[in-house]
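Take a look at the structure below.
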Amino acid sequence: MKTLVRHVGLSALALAVLSGCAATQSSAPAPAITNTVISQPLLAPPSADKPLTLEQIMADPDWMGVSAAGAYWSDDAKSVLFYRQPSASPLRSYYRLGIADGVTEELQLSQLHLASQRGGVLSQDKSRKAYIYQNNLFVKQLDSGKITQLTRQSNNIDGVRFLTNGDLVYWQNTQVFRIHQGSGMVEQLADIQFAKAPDGVKDPDTFLAKQNQRLIKFVAKQHDNAKALEQYKAQLQQQDPTLAAKPFYLGEKDTLAELSVSPDGRYLFLVLQDKSYKGRTDADVMPNYLDAQGHIGMVPVRARVAEDKLPGQRFVVLDLQTHSQKDVTLEGLTGYNEDVLAAVKAENAKAQGKDYHSEPKVRNIRLIEDWGWEQSAIQWQADKNTLAVMLEATDNKDRWIATVDLNNGQFHTQDRLHDDAWINYDHNQYGWLPGTDTLFYLSEKTGYSQLYLKPLGGKEKALTQGKFVVSDITLSPDNQYLYYKANKAHPGKYNVYRVNLNSGKDEQLTHWTGTLDYQLSPKGDALLLTASALTQPNELYLQPIGGELKQLTHDTSKAFADYPWQAPQIIAVPSNHGAGKVYARLYLPQGFDAKRADKYPAVIFNHGAGYLQEVHYGFSDYFREFMFNNLLAQHGYVVLDMDYRGSKGYGRDWRTAIYRNMGHPEVDDLKDGVDWMAQHANIDTKRVGTYGGSYGGFLTFMSLFTAPDLFQCGAALRPVADWAHYNAPYTSNILNTPDDDPLAYSRSSPIEHAQGLKNHLLILGGIEDDNVFFQDSVRMVQHLIELENPHFDMAYYPVEHHGFRQPSSWLDEYRRILRLFETDLKR
């Protein structure tokens, strides 16, 4: 079916991000891939009549198609909204795709505010939707589609909610406003000021002041007049219903981090943070050598973990009815003052010839920051003033779900998740079941993210159980089901399931072989899927509940779809280092012969991010590397792409296996990968190379430094050389902080092991990288120079950031990597 496009001015998009691909005429859905973990013998891939070139695979990726991204349902569930953005363009085009007719309409910019926005909140009766678009507040009547714009301004609106009586509340910075639905009057509910409260008129309290008051009638009268005026204003504030509420004064030390309003508008829950904390200093900069003015510009960047002292937060309840404020104490959080790092600190102290004495101390505690969710860590019950918050300790060892006693300012622990390594920054979704006192939430307490229910004052109940990972919870519109995504059948195959909250019945709704994301329709009768297979980039699909799968987009280009890509085979590598099995993608040379006398050269690709899943049956996020691995196979290499320990999708113990020891379990897994290829893929272990970027570059460093005979060469792209220079949120999870745990940093930082290099190393990185700083590579290069090590080369890219943006840079980088392998691994 050909996709039809016409210009209309109907609706608009929230600017949310999903990935897909863009524009082919094929109408058949991507075929299901049925192969699982492979058995012997390995089969040679089909031949490609036209070999790949670096110029092709490193070109502007729009040749693969421009994806439909940010896809979501319209409010009436009759269409799907999304945008497309060419890779080199700063601009997006917005579209609406009709479910019934399959027609795709491009939206006019002048009408974008009329779209069914992805974000928004519903009224108690679900008849109205409020949303923020371009800093302004809108309300939509869902039955008629009528939209009313309530504000027209340039200042950001930070949040909005409906109250139980139907009024609308919104907040901007430290001001909270209420729009009365009957009259349309805008009332200022709260004026929060970070200052000392005014002193008011003081009675004389020194000898001279008292003397002046007693002897000078003018001075006494001035004082009496001021006091009378003050009393009058207080009475007026108390008795005149037309005045705005008086301000709340919260002192000069803090600033507002987050604010939330209770369902009836009586309470505000505030999260405050020390305003002196900026997350960086004036010294946290990097140079831009190609400044537009021809100068060397200084670009602000984030702080390093060695210097970033993340503070705790302060929690405050404001009662707007009594105009009172109360700090929420931490004592109700189980383990709030435990010395959870006692063993780590004792080990480090012993290494320094010192003793460490543990004692209780209040920990720094904050709202949790999940890196993937869209919800808030603050959750009110929909119809009453019962509040739950999700908190974490800045030492990364505990996560709490706690309710808040609004009258007494106390937390009450409902669930404590403790991990001696670190609490996951993913899999933290939670909320209330409507009309109940029951919380639902995800937890890794069994070792795998699973779904739980817990009534207040009652025991938790597991809704899912098993050695698989649950994520992406959605409550059905009728409150009867919890929908979720999981990899039950295989770590690399994801599908959508739902569990009945009354019966506990669990059922599988999709039968996709690959990866997918989903959105439940507003009516709860269909799923919008963004799904991919091994050689098929993301497309949009419609999956009616209990119905047939229908492909909605055909965005992959004909040039990409028609090429005979080698689908990597998914294998399980037995571990000789206690890891069980390590999943990997395997690419084989054309005409592969397992008994050929001349053994094959091999390459291992190391994915980035550390906590990321690369080995699955979907299309790789590393699409350039997928194509490059195909090219390497065409050049006669066996290629392995491993989900080493620390990767996502395999549960808590796999994730935390690298705690305080980064780069060592992972290198052991790479060793097992080489052994497997030697046993099953006929490779020459003296001709194996490796490459990878970011965390993959770090692993290239560590493997060449700590296992110098494993690889004959390696390319480290945008690599971490010293973890003390990386950011705090990521690094302190895994290694604690350099102040608390210098042993972990010494053990895990490549620069501490560089003396082990004896084979060829190529270092590549962008000078404008504000993630892994160029300084990392500079320090490593200077260290290698001072070690008088001749076995390295370097290439740097003046305009590039962490993820390269210019096709010419990608091409140059991978030309050098291919040349490295062809020179060092081919005889």
Side-chain angles (χ1 to χ4, degrees), residues 17-19 302 305 369-373 396 421-428 444 449 469 471 487 491-492 494 515 517 532 538 582-585 604-616 618-626 628-629 640-652 654-659 661-667 669-670 690-703 715-723 725-735 748-750 764-766 769-773 776 800-805 813:
V17 178
L18 279 171
S19 63
R302 48 87 181 156
V305 64
E369 292 187 1
D370 187 288
W371 295 9
W373 69 8
N396 308 303
W422 78 92
I423 294 297
N424 203 341
Y425 49 74
D426 203 354
H427 305 310
N428 293 303
E444 282 189 323
S449 173
V469 175
S471 65
N487 55 353
Y494 287 85
T515 57
D517 290 310
S532 73
N538 278 330
V582 186
Y583 285 90
R585 290 182 170 217
I604 290 184
F605 167 63
N606 307 309
H607 70 70
Y611 190 59
L612 175 147
Q613 188 171 12
E614 166 68 0
V615 182
H616 49 67
F619 193 68
S620 175
D621 289 337
Y622 290 91
F623 61 90
R624 290 185 182 88
E625 286 73 13
F626 161 76
F628 184 63
N629 291 340
L640 202 62
D641 176 356
M642 305 187 76
D643 268 351
Y644 49 77
R645 274 174 285 181
S647 297
K648 189 174 185 178
Y650 305 94
R652 178 195 63 205
W654 195 263
R655 171 176 62 82
T656 61
I658 61 173
Y659 177 55
N661 195 32
M662 294 169 80
H664 298 281
E666 306 97 299
V667 171
D669 296 338
L670 302 185
T690 189
Y691 80 103
S694 194
Y695 200 98
F698 154 73
L699 280 189
T700 299
F701 274 162
M702 289 297 280
S703 56
L717 295 63
R718 44 199 174 275
V720 175
D722 186 343
W723 286 110
H725 285 252
Y726 199 56
N727 71 48
Y730 182 94
T731 317
S732 64
N733 275 321
I734 308 171
L735 300 180
S748 303
S749 293
L764 310 104
D769 192 336
D770 58 1
N771 183 356
V772 177
F773 298 150
D776 261 42
E800 292 300 349
H801 296 251
H802 193 61
F804 282 17
R805 301 173 184 179
E813 182 178 49

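Residue numbers start at 1 and run along the sequence shown.
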Less than 4.5 Å apart, side chain to side chain, heavy atoms only: is that true for Ser647 and Gln613?
no
In this structure, CZ of Arg655 is separated from NZ of Lys648 (nearest 0.5 Å) by 11.0 Å
**Prompt:** Under 4.5 Å between any side-chain heavy atoms of Tyr695 and Tyr730, yes or no?
**Reply:** yes
Minimal heavy-atom distance between Met702 and His664, with the atoms involved, is CE-NE2, 3.7 Å
Those residues at least two apart in sequence (or on a different chain) that pass side chain to side chain contact (heavy atoms under 4.5 Å, CB included) with Leu612 are His607, Ala609, Glu614, Tyr622
Between Arg624 and Phe804, is any pair of side-chain heavy atoms under 4.5 Å apart? no
Check for me whether Arg645 meets the cation-pi criterion with Tyr650, that is, NZ or CZ under 6.0 Å from the six-membered ring centre and within 45 degrees of the ring axis. no
ask   = Side chain of Asn661, backbone of Tyr659: donor and acceptor closer than 3.5 Å?
value = no
- [ ] Answer yes if the side chains of Asn733 and Tyr425 hold a donor-acceptor pair under 3.5 Å, and no otherwise.
- [x] no
One should read off an interatomic distance between Leu717 CG and Tyr691 OH, to the nearest 0.5 angstrom, of 8.5 Å
Looking only at heavy atoms, the pair that brings Ala584 and Leu640 closest together is CB-CD1, 3.8 Å
Next on the checklist: Can you confirm whether Thr690 sits close enough to Ser703 that some side-chain heavy atom of one is under 4.5 Å from a side-chain heavy atom of the other?
Outcome noted: yes
d(Ile604 CD1, Leu699 CG) to nearest 0.5 Å is 10.5 Å
### Under 3.5 Å donor-acceptor, Thr700 side chain and Ala716 backbone
no
Practice prompt. For residues Asn606 and Leu670, determine if any side-chain heavy atom of one lies less than 4.5 Å from a side-chain heavy atom of the other.
Written response: yes
What one should report as the nearest heavy-atom pair of Ala657 and Pro665 is O-CG, 3.5 Å
Using only atom types and a distance under 3.5 Å, with no angle test, would you say the side chain of Asp370 pairs donor to acceptor with the backbone of Trp373?
yes
Exactly one candidate in His801, His802, Arg718 meets side-chain hydrogen bond (donor to acceptor under 3.5 Å, both in side chains) with Asp769; the answer is His802
Any donor-acceptor N/O pair, Arg585 side chain to Asp643 backbone, under 3.5 Å: no
dist Phe605:CZ -> Asp641:CG (nearest 0.5 Å) comes out at 5.5 Å
Checklist entry - What about Phe619 and Phe626, are their ring centers closer than 6.0 Å? => result yes
One should read off an interatomic distance between Tyr611 OH and Ile658 CD1, to the nearest 0.5 angstrom, of 11.0 Å
Tightest non-hydrogen contact, residues Trp723 and Val305, listed as O-CG1, 3.3 Å
- Message: For a 4.5 angstrom cut-off between non-hydrogen side-chain atoms, does Ile423 reach Asn396?
- Response: no
On a heavy-atom basis, the closest approach of Ser749 and Asp722 is OG-OD1, 3.4 Å
Heavy-atom nearest pair, Gly618 first then Ser532, reads CA-OG, 3.4 Å
Between the OG atom in Ser449 and the CG atom in Asn424, the distance rounded to the nearest 0.5 Å is 8.0 Å
Looking only at atom types and distance, does a side-chain atom of Asn487 sit under 3.5 Å from a main-chain N or O of Val469, one as donor and one as acceptor? yes
Between the main-chain N or O of Ala721 and the side-chain N or O of Asp776, is there a donor-acceptor pair closer than 3.5 Å?
yes
### Message
Side chains of Ser471 and Asp426, heavy atoms from C-beta outward: is any pair under 4.5 Å?
### Response
no
- Query: Hey, are the side chains of Asn771 and Tyr726 touching, using non-hydrogen atoms and a 4.5 Å cut-off?
  - Reply: yes
